[in-house]
Amino acid sequence: MSNAFDSEGEKVVEEVLRPKDAATLVLVKRDGDTPRVLMGQRHGNMAFMANKYVFPGGRIDPADMRIPVASELRPDVAARAAHGVSPARARGLALAAIRETFEETGILVGARSEKVPRTRAPAWKKFFAHKVMPRLDSLEMIARAITPPNRTRRFDARFFMADASLIAHQLEGAETEELLTPAWLTLAEARALDLPSITRTVLGEVEARLGGDTARPVPFYRFTRGKPVLIHL
């Protein structure tokens with residue numbers, strides 16, 4: 001279990017930072033013989049997980065909790081995402097995963113619509129410009145993990161999973177700040193890359209669910225009194 005908490009290459013500091021709420025989206029393509037997941041490599045000059053291959057994701061933004069959607073989270077998914085936070089924040093975390101995927105890869109997860117809301121939030125304004133409304137009903141929450149204490153960056157990350165059939169639009173040649181050359185990789189190809197340990201752990205969750213174990217509990221990796229703890233949601 002402890003491998004899920006490793007932060008290879010991360011600087012250890014004396015101060016214990018409070019983790020920031022974040023969300024990640026694992027998109028899975030199943031249109032061929034072998035499922036593939038969307039990943040990308042982080043820049044080498046980044047302070048957190050430099051050069052690592054990751055799924056798109058990032059911190060929640062206050063605007064994420066106010067965005068209208070084409071469909072809401074299923075009750076069971078919403079309940080898991082809301083463990084320790086309000087239902088509104090849990091919903092916002094799912095939307096953060098969709099927004100970050102758009103910002104980092106140019107992929108819009110949702111449904112086509114001629115009626116989209118107005119917003120002052122820059123990222124969502126760009127999202128809605130493509131006549132797409134975010135969809136939450138087909139998202140699954142498959143894991144949650146908190147970065148170890150005494151790190152320069154700490155996140156309380158929820159990992160959502162969705163089928164690539166939910167992609168409503170993809171920008172051509174999207175420029176991103178965090179992911180380099182996003183690619184669809186088989187699980188074997190992904191595991192051969194330089195991955196954070198939690199990403200490798202989440203790949204195991206993806207594989208189990210693709211294998212038919214869709215009712216499996218959601219693992220939550222965290223620390224209590226400096227020691228790694230695993231519970232299930």
Would a 4.5 Å heavy-atom cut-off, applied to side chains only, mark Ser138 and Asp163 as touching?
-> no

When Met161 is tested against each of Leu139, Leu27, Val206 for side chain to side chain contact (heavy atoms under 4.5 Å, CB included), which residue passes?
-> Val206

Heavy atoms only: give me the nearest Ala111-Ala168 pair and the separation to one decimal.
-> N-CB, 4.3 Å

Between Glu205 and Val26, does a side chain to side chain contact (heavy atoms under 4.5 Å, CB included) hold up when you go through it step by step?
-> CA-CA 11 Å; Glu205 290 296 317; Val26 183; over 6 Å; no

Measuring from Leu233:CG to Arg144:CZ, what's the distance to the nearest 0.5 Å?
-> 6.5 Å

List the steps and the verdict of side chain to side chain contact (heavy atoms under 4.5 Å, CB included) for Phe127 and Ile98.
-> CA-CA 10 Å; Phe127 188 101; Ile98 289 177; 3.9 Å; yes

Which atoms form the tightest heavy-atom contact between Arg74 and Asp137, and what is the distance?
-> CG-O, 3.4 Å

Rounded to the nearest 0.5 angstrom, the CG-NE2 distance for Leu108 and His130 is 6.0 Å

Under the salt bridge (Lys or Arg N to Asp or Glu O under 4.0 Å) rule, what do Lys126 and Glu103 come out as? Steps first, then yes or no, please.
-> CA-CA 9 Å; Lys126 292 177 182 178; Glu103 289 186 296; over 6 Å; no

Side-chain donor/acceptor of Arg89 to backbone N/O of Met65, under 3.5 Å | no

Would you kindly confirm whether Leu73 and Val85 end up in one hydrophobic cluster when ILVMFWY residues are joined by side chain heavy atoms under 4.5 Å apart?
-> no

Euclidean distance, Glu72 CD relative to Arg91 CZ, rounded to 0.5 Å = 4.5 Å

Can you check side chain to side chain contact (heavy atoms under 4.5 Å, CB included) on Arg135 and Val109, steps first, answer last?
-> CA-CA 7 Å; Arg135 277 185 59 186; Val109 172; 5.6 Å; no

Please tell me if the side chains of Glu100 and Pro56 come closer than 4.5 Å, counting only heavy atoms from C-beta onward.
-> no

Identify whether the distance between the nearest side-chain nitrogen and carboxylate oxygen of Asp64 and Arg99 falls below 4.0 Å.
-> yes

By side-chain hydrogen bond (donor to acceptor under 3.5 Å, both in side chains), Arg36 pairs with (sequence neighbours left out) Asp31

Main-chain N/O of Phe159 paired to Thr24 side chain as donor or acceptor, under 3.5 Å | no

Any side-chain heavy-atom pair of Asp194 and Gln41 under 4.5 Å | no

Is the backbone of Pro148 close enough, under 3.5 Å, to the side chain of Arg154 for a donor and an acceptor to pair up by distance?
-> yes

For the student: nearest non-hydrogen atoms of Ile60 and Gly92, plus distance | CD1-C, 3.7 Å

Which of Val37, Leu185, Ile198 passes side chain to side chain contact (heavy atoms under 4.5 Å, CB included) with Leu203? It is Val37

Check: Met39 and Thr199 side chains under 4.5 Å, non-hydrogen atoms | yes

Kindly indicate whether the side chain of Ile146, heavy atoms from C-beta on, has any atom under 4.5 Å from the side chain of Phe220.
-> yes

For Pro134 and Pro68 the tightest heavy-atom approach is CG-O, 3.7 Å

Heavy-atom side-chain proximity of Arg222 to Ile231 below 4.5 angstrom = yes

How about Phe223 and Pro228: do any of their side-chain heavy atoms sit closer than 4.5 Å?
-> yes

Applying side chain to side chain contact (heavy atoms under 4.5 Å, CB included), name anything that partners Pro122, two or more places apart in sequence or on another chain.
-> none

Just wondering, more than 12 heavy atoms not from Arg59 lying within 6.0 Å of its CZ?
-> no

Are the side chains of Phe55 and Thr105 in touch, meaning some heavy atoms are under 4.5 Å apart?
-> no

Presence of salt bridge, Arg18 and Asp156, under 4.0 angstrom | no

Taking all heavy atoms of Val218 and all of Ile142, pick out the closest pair and write down the distance.
-> CG1-C, 3.6 Å

Hey, are Arg112 and His169 close enough side-chain-wise for a donor-acceptor pair under 3.5 Å?
-> yes

Value rounded to 0.5 Å, distance of CG in Leu95 from CZ in Phe160 | 9.0 Å

Quick one: do Asp21 and Arg158 satisfy side chain to side chain contact (heavy atoms under 4.5 Å, CB included)? Show the steps, please.
-> CA-CA 8 Å; Asp21 282 332; Arg158 285 76 167 177; 2.7 Å; yes

Please report, to 0.1 Å, the donor-acceptor pairs under 3.5 Å made by any side chain of residues 77-84, with sequence neighbours excluded.
none

Can you tell me how far CG of Leu17 sits from OG1 of Thr147, rounded to the nearest 0.5 angstrom?
-> 10.0 Å

If you measure from CD1 on Ile67 to CG on Asp61, what distance do you get to the nearest 0.5 Å?
-> 9.0 Å

Are any side-chain N or O atoms of Thr186 and backbone N or O atoms of Glu189, one a donor and one an acceptor, separated by less than 3.5 Å?
-> yes

Considering non-hydrogen atoms only, spot the tightest contact between Leu93 and Ala22 and give its length.
-> CD2-O, 3.5 Å

